[in-house]
Amino acid sequence: MSDKEASNAYWKANVRLILWSLLIWAVVSFGFGILLRPMLSGIAVGGTDLGFWFAQQGSILVFLALIFFYAWRMNKLDAEHGVGEE
């Protein structure tokens, strides 16, 4: 595989990871917290309904989990493509 092909494969995987992370973040924060809130209002979590929980706490926790997942996955991706930190 040439350097250009390897670089393209690396960036393609990187962009795909970013897009999936953004999609998950948007669905959780905007979808569950705003659009689907009325549908989730009957489910109780911690003394409040699930839609409110996602709007106040859940989206933040998912965002933090996405940060750690992204860092872990990028380290693996860097190692697979030989661009990892020494």
Checklist entry - Which of these passes side-chain contact (heavy atoms from CB on, under 4.5 Å) with F63: L61, I67, I60? => result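 That would be I67; it is the only one of L61, I67, I60 passing the side-chain contact (heavy atoms from CB on, under 4.5 Å) with F63.
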
Test item: [X] and [Y] side chains (from C-beta on) under 4.5 Å apart, heavy atoms:
X   : Y   : value
I24 : F69 : no
I43 : D49 : no
V62 : W25 : no

Next on the checklist: Hydrophobic clusters here meaning ILVMFWY residues chained together by side-chain heavy-atom distances under 4.5 Å, can you tell me if Y70 and V83 are in one?
Outcome noted: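 Hydrophobic grouping puts Y70 with V83.
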
Checklist entry - Would Y10 end up clustered with L19 when hydrophobic side chains under 4.5 Å apart are linked, directly or stepwise? => result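 Shared cluster, no.
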
Next on the checklist: Checking the side chain of S41 only, and the main-chain atoms of P38 only, is there a donor and an acceptor separated by less than 3.5 Å?
Outcome noted: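 Yes; at least one donor-acceptor contact below 3.5 Å.
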
Checklist entry - Any sub-3.5 Å donor-acceptor pair from N75's side-chain atoms to A71's backbone N or O? => result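 At least one qualifying donor-acceptor pair exists.
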
Would you compute the distance between atom [atom1] of [X] and atom [atom2] of [Y] and round it to the nearest 0.5 angstrom?
X   : Y   : atom1 : atom2 : answer
M74 : N14 : CE    : CG    : 4.0 Å
L50 : F32 : CG    : CZ    : 8.0 Å
I18 : L23 : CD1   : CG    : 13.5 Å

Looking at every non-hydrogen atom in both residues, tell me the closest pair between [X] and [Y] and how far apart they are.
X   : Y   : value
F52 : T48 : CD2-OG1, 3.2 Å
V28 : G58 : CG1-O, 4.3 Å
A13 : L77 : CB-CD1, 3.6 Å

Item to check | E80 with R73: basic N within carboxylate O range, under 4.0 Å | outcome: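 Salt bridge present between E80 and R73.
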
